[in-house]
Novice: 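Before anything else, here's the structure in question.
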2 protein chains.
Amino acid sequence: MKASRPTIADVARAAGVSKGLVSFALNDRPGVSPESRARILAVADELGWSPSVRARSLSSNVSFAVGLVIARDPEIIADDSFFPSFISGVEQVLAPRGQSLVLSVVGDEHLEEATYRRLAAERRVDGVILTDLRSADSRVPLLREIGLRAISLGRTDVDASAIPAVTLDDAPAIHDAVRHLVGLGHTRIAHVAGPDRLLHAARRKASFLHAIASSNLATPTVIETDFSAADGARATAELLDRAKRPTAIVYANDAMAIAGLGVARRAGLDVPRDLSIVGFDDSAIGRYIEPALTTVATDARGWGFTAADALLRLVEGEEVADIELPPAQLVVRASTATAPSEPTADRRHR
Amino acid sequence: MKASRPTIADVARAAGVSKGLVSFALNDRPGVSPESRARILAVADELGWSPSVRARSLSSNVSFAVGLVIARDPEIIADDSFFPSFISGVEQVLAPRGQSLVLSVVGDEHLEEATYRRLAAERRVDGVILTDLRSADSRVPLLREIGLRAISLGRTDVDASAIPAVTLDDAPAIHDAVRHLVGLGHTRIAHVAGPDRLLHAARRKASFLHAIASSNLATPTVIETDFSAADGARATAELLDRAKRPTAIVYANDAMAIAGLGVARRAGLDVPRDLSIVGFDDSAIGRYIEPALTTVATDARGWGFTAADALLRLVEGEEVADIELPPAQLVVRASTATAPSEPTADRRHR
DNA sequence: GCTTGTCTCTAAACCGGTTTAGTCTTCGAG
DNA sequence: CTCGAAGACTAAACCGGTTTAGAGACAAGC
């Protein structure tokens, strides 16, 4: 009539063996006779024994959990469909392996370092997944200092060998997007980019600029944003206000593209007749708005899956090499069309 | 030159006292002279000591973590802006108190029970926050069975006293929305509801029906969905296909409202001239689309904050009573307007 | 002077596992 | 027949904290 759950000692007593042997048997380690092993497992099962992570963590110096620290304004996370999909991919790996995900959302980057330090000091997690890499990211030396293993989404520019990366190449899709627009006759194509300090945002921007250059177009306008719908709207308004406004805009995420579409419409423009719009993310909403959003699909779920799997392998001591996922794909829908003939350029404003 | 971090024993040795006394001093417990306490704290600080949650958890039988299990398809979470805001509110309470959030995204409800059981069996968390309550929710008896403390978002219909609830009343805002539409001359107002088995979705539907009834309108059409943008689009198409199509639609979330707007547009309708649309969530994107979405704002962040705070108090043994948050608020923007005069009802379809 | 009580502190048990050192059998090789 | 090695198993240490029982010092009360 024990109130609390059975411990390994209870199992040992019931099976008539020592604690140590039970531990061996339960962990599939050699040195246990087949009969004893079977009996121990049977008894453990009968008693409804299950291991206490607490005890196991303490003695084996392993947390059986991985961390994910997201340093973004919650509103921006909400606008972005990346994280939910990403996290579900991570879970898909963790759950069957008995691991947990410790999530921290820290709002601003100043609390970030403290959060990683706490995770490491308290030994809450065995490793972390690094997202939203920044240029000269201070987390790379920080993680080394506090001895926390990590996998990064995209390669860091600090010390590429320090942290294994799972990469997903945006460039081909962005080139395709620009080529697609150029093919439709667009020559003034602008880019509403993410924060320049975020490597992936910078990389998308660079890919964009490169694609424009290789199409022999003039240097385009690029406006930097914080990835929020609000900032996407502001950037769009700014672009449309220009004397020679762009006839196409490539956004760094769907939320901004959708907000931009709203702004364009309010400015009296028809999308895609007067303005073509390309998003990035392939969010569900983009498929249903009118016009349906031409966008770039990245496999966020697969990214989470792969990163989590790599991290667990890393934590278990395996050497993990960088992993390259299939590149992002351009999805052409209805928000892009033939460029307007020149005169149209003045139908703007009110 | 110790490689690993200092333990309480190191501090004790350095301060010339016993382990036990160090523990007392660090936990602000009586029975330590002021001088000893000061010295111990100074030494601990100097050595850079920080507690190991692992050890602390094992000996004190407390996990210092709370769980959140989300049983939804990841795509639906991505469409929904609730969880990111909610989680950031939760973090705001947890982080300063040294607690962690263990997140599980389980995709479908069948894995849910196993997840809770695992969380409890492994003693990963001290309590959980229950979201997306269902009618006759099996988690209520389950949590009792496995002895996991919990706070629920909204009151359960199983045994209201079993789990303290943090409630946020949608009804006034939904009544306001209906009144607002009725005031604009609408008489055929439909509702695109969430899954009926979700209590909050059912409650929103009930509020809607009640508001319609008290406005003396005929029983309206209600279509049930799974909350996804895709299903919102389907429901909208179905509504617009009816002989007597509604002139206004109240959606159970913004994602569906936005998808519905796209469908309406594709059907050749102008929003809000031919069809008024009301969302629910006050997502950022809704503010920027054209027309800007009339919607209902709920304080997801505050909900997370309050629920997490209540849960921690509960875990510490305090009696926690139900907490009622300020009700949701209708936000009128541009997607609602005067009802079209009757003939308009036939401009639909292609 | 002796008891009682309070304060400060130590030693040791404890939480529930893992791991190491070492004992006891058994069996094959020489 | 003896020795060595392998296999099965036990006892005990250990992880890093918390908590309890109790020791010693000292002051107050009778």
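Keep in mind that this is a model prediction, so the values were computed, not measured. All chains are named by letter (A, B, ...) in the order of the sequence lines, taking the proteins before the strands, and each is independently numbered beginning at 1. Scope of the values below: all heavy atoms of this structure, side chains included, with no hydrogens, waters or symmetry mates.
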Novice: If you fit an axis to the five pairs at each end of the helix from C:dG1-D:dC30 to C:dG30-D:dC1, how big is the angle between those two axes, to 10 degrees?
Specialist: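 End-to-end axis angle: 60°.
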
Novice: Please work out if B:N27 contacts a base, only the sugar-phosphate, or nothing of the nucleic acid, heavy-atom cut-off 4.0 Å.
Specialist: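 Here B:N27 touches the backbone only, sparing every base.
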
Novice: Can you tell me how far C1' of C:dG17 sits from CZ of A:F64, to the nearest Å?
Specialist: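 The distance from CZ of A:F64 to C1' of C:dG17 comes to 10 Å, rounded to the nearest Å.
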
Novice: Of the nucleotides D:dC15, D:dT10, D:dG16, which one has an atom closest to the side chain of A:S59?
Specialist: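 Out of D:dC15, D:dT10, D:dG16, the nucleotide with an atom closest to A:S59's side chain is D:dC15.
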
Novice: Which nucleotide sits closest to the side chain of A:V32: C:dG17, D:dC9, D:dG17?
Specialist: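 Minimum distance to the A:V32 side chain belongs to D:dC9.
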
Novice: Tell me what B:R123 touches on the nucleic acid: a base, only sugar-phosphate, or nothing, going by heavy atoms under 4.0 Å.
Specialist: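 Since no nucleic acid heavy atom lies under 4.0 Å of B:R123, the category is nothing.
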
Novice: Can you tell which of D:dG17, C:dG17, D:dT10 lies closest to the side chain of A:V17?
Specialist: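 My answer, after comparing the listed nucleotides, is D:dT10.
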
Novice: Write down the distance between CD (B:E35) and P (C:dT8), rounded to a whole number of angstrom.
Specialist: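 Going from CD in B:E35 over to P in C:dT8 covers 8 Å.
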
Novice: If you check every side-chain atom of B:K19, which of C:dT10, D:dT10, C:dA13 has the closest atom?
Specialist: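 Within the option list, the nearest is C:dA13.
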
Novice: Once you apply a heavy-atom cut-off of 4.0 Å, does A:S33 come out as touching a base, just sugar-phosphate, or nothing?
Specialist: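 Since only primed, P, OP1 and OP2 atoms lie under 4.0 Å of A:S33, the category is sugar-phosphate.
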
Novice: Shortest non-hydrogen contact from A:R124 to A:S63?
Specialist: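 In terms of heavy atoms, the two residues are closest at O-CB, 3.3 Å.
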
Novice: Quick one: which of D:dT19, C:dG17, D:dT10 gets closest to the side chain of B:S23?
Specialist: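 For B:S23, the side-chain atoms sit closest to D:dT19.
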
Novice: Of all residues at least two apart in sequence or in a different chain, which pass the side-chain hydrogen bond (donor to acceptor under 3.5 Å, both in side chains) check with B:E109?
Specialist: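 B:R197.
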
Novice: Please state how far atom CZ in B:R5 lies from atom P in D:dC15, giving the value in whole angstrom units.
Specialist: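 It is 14 Å, rounded to the nearest whole Å.
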
Novice: Is the charged tip of A:R301 near the ring of A:F86: under 6.0 Å from the six-membered ring centre and within 45° of its axis?
Specialist: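 Verdict for A:F86: no cation-pi partner in A:R301.
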
Novice: On the six-membered ring of A:Y116, is A:R139 placed so that its NZ or CZ lies under 6.0 angstrom from the centre and within 45° of the ring axis?
Specialist: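 Not satisfied by the 6.0 Å and 45° rule.
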
Novice: So what does A:S57 touch, heavy atoms closer than 4.0 Å: a base, only the sugar-phosphate, or nothing?
Specialist: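 Touches nothing.
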
Novice: Decide yes or no on side chain to side chain contact (heavy atoms under 4.5 Å, CB included) for A:I76 and A:D73, but give the supporting numbers first.
Specialist: CA-CA 5 Å; A:I76 297 173; A:D73 186 285; 3.8 Å; yes

Novice: Nearest whole Å is fine: how far is C:dT19 P from A:L26 CG?
Specialist: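 These atoms are roughly 13 Å apart.
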
Novice: When the distance from CZ of A:R29 to P of D:dG7 is rounded to whole Å, what number comes out?
Specialist: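 It works out to 15 Å between those atoms.
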
Novice: Heavy atoms from C-beta onward define the side chain here; which of D:dC9, C:dC9, D:dT20 lies closest to that of B:F24?
Specialist: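 Per side-chain heavy atoms of B:F24, the pick is D:dT20.
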
Novice: Ignoring the backbone of A:I8, work out which of D:dA8, C:dT10, C:dG17 is nearest its side chain.
Specialist: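 Nearest nucleotide to the side chain: C:dG17.
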
Novice: Any donor and acceptor pair, going by atom type alone, linking the side chain of B:D126 with main-chain N or O of B:V62 inside 3.5 Å?
Specialist: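 Not a single qualifying donor-acceptor pair exists.
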
Novice: So among A:L153, A:L168, A:T167, which one has a side-chain contact (heavy atoms from CB on, under 4.5 Å) with A:L325?
Specialist: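 The option that passes is A:L168.
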
Novice: Please determine, for the side chain of A:S60, which listed nucleotide (C:dT18, C:dG16, D:dT19) has the closest atom?
Specialist: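 Nearest nucleotide to the side chain: C:dT18.
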
Novice: Please determine if a side-chain N or O atom of A:S52 lies less than 4.0 Å away from the OP1 or OP2 oxygen of C:dG16.
Specialist: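 For C:dG16, OP1/OP2 do not have a side-chain N/O of A:S52 under 4.0 Å.
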
